[in-house]
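This is a predicted model, so every value here is computed, not measured.
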Amino acid sequence: MMTGKNQIGNRRSGGGTKTYRTFNPLLNIENEHEFFEASTEEINEAVFLAADAYITYNQKSGKEKATFLNAIADEILALDDTLIQMYCSESGLPEGRAKGERGRTMGQLRAFAALVEEGSWVEATIDTAIPDRAPVPKPDLRKMMVPLGPVVVFGASNFPLAFSTAGGDTAAALAAGCPVIVKSHPMHSGTGELVAAAVIRAAEKTGMPNGVFSNLNSSGIEVGVQLVQHPQVKAVGFTGSIIGGRALFDLAAQREEPIPVFAEMGSINPVVLLPEALGNRKDQLAKTYAGSITLASGQFCTNPGLLLGIKGEALTNFIQALSAEIVTMEPSCMLHPNIIGAYEKNKQNAIDQSGLTIAADYGEAVAVNHARQTVVTVEGQTFLGNSRLHQEVFGPFSMVVQCADADELEEVIANLEGQLTGTVISDQNEIMNYPMVIAALQNRVGRIIFNGVPTGVEVCPAMQHGGPYPASTDSRFTAVGTQSIKRWVRPFSYQDWPDGLLPNELKNSNPLGILRTINNEPTKAAI
């Protein structure tokens with residue numbers, strides 16, 4: 001078992017002596033392996049090696065980076081049952097989920113490999129010179145995306161593979177040409193170290209520079225703070241709580257050289273339940289949403305934590321059907337005692353608020369660290385008057401807001417904080433009767449879903465996984481899909497530069513055969 005820092009040719013150096021263990025929530029015991037907290041010396045070494053690696057890594061061709069990314073996917077697969085068993089022991093999640101998430105992780109890596117090998121993602125834009133233009137000659141200008149530099153990625157608690165060590169942030173940053181330093185999540189350090197070793201093997205086999213990837217362990221916040229404050233770090237990726245993401249954002253903004261923090265944070269993912277749909281499909285919708293609310297103990301950033309409807313018989317019948325259905329779901333294990341502790345605390349804080357009614361609460365005995373699902377209801381005006389009811393309860397919890405009419409429904413949506421997703425449940429053309437409700441929802445979310453559930457995030461170019469603050473710190477970007485590469489690059493222009501000295505993406509002959517915009521026309525033609 002490796003400890004501390006993982007990097008090419010140097011798995012551990014420096015003076016970290018503090019240790020900790022991960023926890024098996026299903027067995028309610030500590031796991032056997034010990035992990036060393038990264039020391040300040042190790043942090044500095046990892047960052048300086050990343051800065052040195054950037055000099056050569058950002059010059060690697062798309063084909064070379066693609067070979068590296070595909071090799072990472074191959075090495076992760078080669079870990080086989082060793083990785084799956086470690087994942088399960090540190091998360092309490094079942095084997096099927098582990099294998100599914102491994103597949104998603106490998107798929108992300110291969111998608112980015114295909115993206116950078118093809119090459120058009122750099123958005124090469126050329127405006128050729130007009131030297132005899134009067135009264136001022138027009139220069140030759142050529143622009144493309146270039147990598148920012150070393151990136152720090154924070155592993156997520158709820159996705160030990162897909163949003164962690166070699167997850168979407170890491171894959172996108174490596175694809176962009178940025179070395180990556182991962183701050184491993186302490187709840188799944190063993191999983192992280194296995195994956196980190198796979199990345200390192202892939203880097204060695206494909207000739208990537210020393211320091212292109214490092215993995216640092218810690219059980220607290222100190223390592224993360226030092227990484228974000230380090231002057232050689234140029235950007236940060238984070239998936240987690242609003243408190244954690246905002247703290248990192250503020251630290252980065254206070255630096256002498258502020259840097260971007262792309263944080264995906266809290267979201268309660270409102271679902272608008274229109275009356276005709278409820279009247280016609282209440283049982284089907286109740287079953288669907290009971291499953292979505294309780295999926296993986298509600299430990300998804302897209303969990304439907306808020307259901308919005310208009311008071312009436314249809315909504316009342318749906319609440320009754322949902323309440324009856326959700327208590328038939330078998331409770332499942334949460335990721336860690338700290339997470340279920342926070343769930344119980346936040347759930348109780350919500351229930352204690354004036355005006356709430358418990359519609360369903362799983363009352364049977366459950367195994368240790370298993371979460372009891374709960375559905376509560378509240379009047380629209382009560383919800384509007386109490387911002388504490390707007391906060392995420394991370395776990396199998398959902399609140400039904402009963403609005404007096406469509407105007408109040410619109411007002412409730414307009415007063416929500418930013419969200420990752422919004423969903424509309426509608427029958428036939430019913431949605432056409434609520435244009436202002438839909439407009440209000442679009443203003444609050446990054447992705448809007450029609451007659452579905454928000455849980456489940458497809459990894460593809462059209463996916464938008466982000467939204468207005470606090471869903472994310474920059475709603476212009478996505479954390480999922482190949483478009484997420486744009487977080488780790490900046491536009492760079494060459495003016496009147498000799499053709500032979502230009503990068504291949506901008507040369508007259510277009511040697512890479514990529515799609516470029518030349519004098520406002522998209523083309524693969526040479527100049």
Side-chain angles (χ1 to χ4, degrees), residues 108 111-112 115-116 120-125 143-154 156 163 167-178 180 228 233-242 244-255 257-270 301-302 413-414 416-423 438-449 454 457-493 515 517 522:
Q108 290 173 159
F112 281 109
L115 180 80
V116 297
S120 298
W121 73 273
V122 298
E123 299 178 6
T125 305
K143 183 172 72 172
M144 63 180 286
M145 295 295 180
V146 298
L148 292 175
V151 169
V152 169
V153 171
F154 286 77
F163 279 87
D169 286 353
T170 296
L174 291 175
C178 298
V180 171
V228 174
V233 169
K234 300 304 179 184
V236 175
F238 173 85
T239 300
S241 68
I242 295 174
R246 183 54 194 257
L248 297 178
F249 182 87
D250 290 344
L251 279 173
Q254 292 161 8
R255 290 174 30 143
E257 177 197 352
I259 58 173
V261 173
F262 298 104
E264 180 218 316
M265 302 179 290
S267 187
I268 52 176
N269 307 298
C301 49
T302 52
I413 295 169
L416 293 175
E417 294 181 323
Q419 309 292 330
L420 292 171
T421 74
T423 302
I438 306 310
L441 189 62
Q442 183 180 20
N443 192 47
R444 294 286 77 209
V445 307
R447 173 167 57 107
I448 195 165
I449 299 141
V457 181
E458 183 68 27
V459 181
C460 65
M463 174 53 64
Q464 176 61 28
H465 194 63
Y469 183 86
S472 63
T473 47
D474 195 329
S475 62
R476 297 172 297 172
F477 297 94
T478 179
V480 173
T482 50
Q483 292 292 306
S484 67
I485 197 172
K486 293 182 178 180
R487 296 171 297 169
W488 316 120
V489 294
R490 63 185 177 91
F492 184 86
S493 285
L515 182 66
T517 300

query: What's the shortest heavy-atom distance between S484 and A479, and which atoms?
result: CB-C, 4.0 Å

query: In chain order, what residues pass the side chain to side chain donor-acceptor pair (under 3.5 Å) check against R246, with sequence neighbours excluded?
result: D250, Y469

query: If you take all heavy atoms of C178 and P147, which pair is closest and at what distance?
result: SG-CB, 3.6 Å

query: Between A252 and V261, which heavy-atom pair has the shortest distance, and what is it?
result: CB-CG2, 3.4 Å

- prompt: By side-chain contact (heavy atoms from CB on, under 4.5 Å), which residues pair with P461, not counting sequence neighbours?
  reply: T482

query: With sequence neighbours excluded, what pairs up with A440 under the side-chain contact (heavy atoms from CB on, under 4.5 Å) test?
result: E410, I413

message: If you define the side chain from C-beta out and look only at heavy atoms, does anything of M145 sit under 4.5 Å from P491?
response: yes

field: Counterpart residues, side-chain contact (heavy atoms from CB on, under 4.5 Å), relative to I449 (two or more places apart)
entry: T421, T423, R447, P454

message: Just to verify, what does S267 make a side chain to side chain donor-acceptor pair (under 3.5 Å) with, not counting sequence neighbours?
response: N269, Q419

message: Can you tell me how far apart CE (M265) and CG (L248) are? Round to the nearest 0.5 Å.
response: 9.5 Å

- request: Please lay out, stage by stage, how L420 and C301 fare under the test side-chain contact (heavy atoms from CB on, under 4.5 Å).
  value: CA-CA 8 Å; L420 292 171; C301 49; 3.8 Å; yes

- request: Working to the nearest 0.5 Å, report the span between OG of S475 and CZ of R444.
  value: 9.5 Å

- line: The salt bridge (charged side-chain N to carboxylate O under 4.0 Å, His left out) partners of K234 (sequence neighbours excluded) come to E257

- line: Output for pair (C460 SG, Q483 CD), nearest 0.5 Å, gives 10.0 Å

field: Atom pair CZ (R490) and CG (L148), whose distance is rounded to the nearest 0.5 Å
entry: 7.5 Å

field: Residues forming a ring-ring contact (aromatic ring centres under 6.0 Å, His included) with F163, sequence neighbours excluded
entry: F159

message: Suppose we screen for side chain to side chain donor-acceptor pair (under 3.5 Å). Which residues come up paired with Q442, at least two apart in sequence or across chains?
response: none

- line: By side-chain contact (heavy atoms from CB on, under 4.5 Å), A124 pairs with (sequence neighbours left out) V122, L506, I514, R516

statement: By side chain to side chain donor-acceptor pair (under 3.5 Å), E417 pairs with (sequence neighbours left out) none

query: Hey, is the main chain of K143 close enough, under 3.5 Å, to the side chain of S493 for a donor-acceptor pair?
result: no

query: Which heavy atom in F112 sits nearest to a heavy atom in A172, and how many Å separate them?
result: CZ-CB, 3.6 Å

message: With a 4.0 Å cut-off on N to O distance, would you call D169 and R487 a salt bridge?
response: yes

task: Give the intermediate values and the outcome of side-chain contact (heavy atoms from CB on, under 4.5 Å) for residues V116 and I485.
output: CA-CA 10 Å; V116 297; I485 197 172; 4.2 Å; yes

query: Are T473 and F238 close enough, and set up right, to give a side-chain contact (heavy atoms from CB on, under 4.5 Å), and what steps lead you there?
result: CA-CA 10 Å; T473 47; F238 173 85; over 6 Å; no

- prompt: Does the side chain of L416 reach to within under 4.5 Å of the side chain of P270, using non-hydrogen atoms?
  reply: yes

- prompt: Looking at V180 and A173, what are the two nearest heavy atoms and their distance?
  reply: CG2-CB, 3.6 Å

- line: Residues A176 and W488: closest non-hydrogen pair is CB-CB, 4.0 Å

ring-ring contact (aromatic ring centres under 6.0 Å, His included) against F477, all qualifying residues, sequence neighbours excluded: F262

